[in-house]
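Scroll down for the structure; my scribbles are underneath it.
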Amino acid sequence: KEIVEKTEAKAKAEIELVQTKETKEAVMLELEQLSNYNAELHQSCDFVLKNFDLRQTARDEEVEALRQAKAILSGAKFEEFLQQ
């Protein structure tokens, strides 16, 4: 009787072991995918941060050029802008 109980316990433990290994493999795969996604996000953020000042300067220059064009079209003298 004791042998049967221990055999059943061993079988249950083996089933749990197999299920746990399958769960571990699934979790490891998900972690790998998340790690890859994290690396992609990191590259994207690095690119944005690296080029932020350059893009901001370009945008400021474009806004200033549009203001000057608007002023010229509104009748301001072009010579005033050349002196700046």
Side-chain angles (χ1 to χ4, degrees):
K1 184 175 183 179
E2 193 175 313
I3 295 174
V4 173
E5 290 174 359
K6 288 190 178 190
T7 304
E8 288 176 358
K10 180 182 176 190
K12 287 180 183 178
E14 287 176 351
I15 290 171
E16 283 185 34
L17 178 63
V18 169
Q19 290 173 342
T20 303
K21 285 182 179 179
E22 290 173 354
T23 303
K24 179 186 173 191
E25 288 176 15
V27 168
M28 294 302 288
L29 178 63
E30 185 177 2
L31 283 174
E32 183 179 348
Q33 291 170 343
L34 288 172
S35 177
N36 291 340
Y37 182 63
N38 183 38
E40 290 173 15
L41 285 177
H42 201 303
Q43 283 182 329
S44 176
C45 288
D46 286 347
F47 176 79
V48 170
L49 289 174
K50 179 181 175 186
N51 294 309
F52 178 78
D53 292 333
L54 179 66
R55 291 172 52 226
Q56 188 174 22
T57 301
R59 185 169 290 116
D60 289 343
E61 290 172 358
E62 183 179 2
V63 167
E64 183 58 32
L66 289 171
R67 284 188 185 137
Q68 289 179 4
K70 181 180 175 187
I72 290 171
L73 292 174
S74 297
K77 295 183 180 176
F78 183 66
E79 292 79 27
E80 293 175 9
F81 296 105
L82 292 178
Q83 293 173 357
Q84 292 179 354

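Computed from a prediction, not measured in an experiment: that's the story for all the values here.
Of the inter-residue distances, the one linking Glu40 atom CD with Ser35 atom OG reads 10.0 Å to the nearest 0.5 angstrom.
For Lys21, the salt bridge (Lys or Arg N to Asp or Glu O under 4.0 Å) criterion is met by no residue, not counting sequence neighbours. Residues that satisfy the side-chain hydrogen bond (donor to acceptor under 3.5 Å, both in side chains) test with Asp46, not counting sequence neighbours, are His42. Applying the salt bridge (Lys or Arg N to Asp or Glu O under 4.0 Å) test to Glu2 and every residue at least two apart in sequence or in another chain returns Lys6. By the side chain to side chain contact (heavy atoms under 4.5 Å, CB included) test, Glu8 pairs with Val4, sequence neighbours left out. In this structure Phe47 satisfies the side chain to side chain contact (heavy atoms under 4.5 Å, CB included) test together with Asn51, sequence neighbours excluded.
Here Tyr37 is tied into one hydrophobic group with Leu41, each link being a pair of ILVMFWY side chains closer than 4.5 Å. Members clustered with Ile3: none, using a 4.5 Å side-chain heavy-atom cutoff among hydrophobic residues.
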Can you give the donor-acceptor pairs under 3.5 Å from side chains of residues 22-34 to other protein atoms, not counting sequence neighbours?
unit_1: Thr23; atom_1: OG1; unit_2: Gln19; atom_2: O; d: 2.9

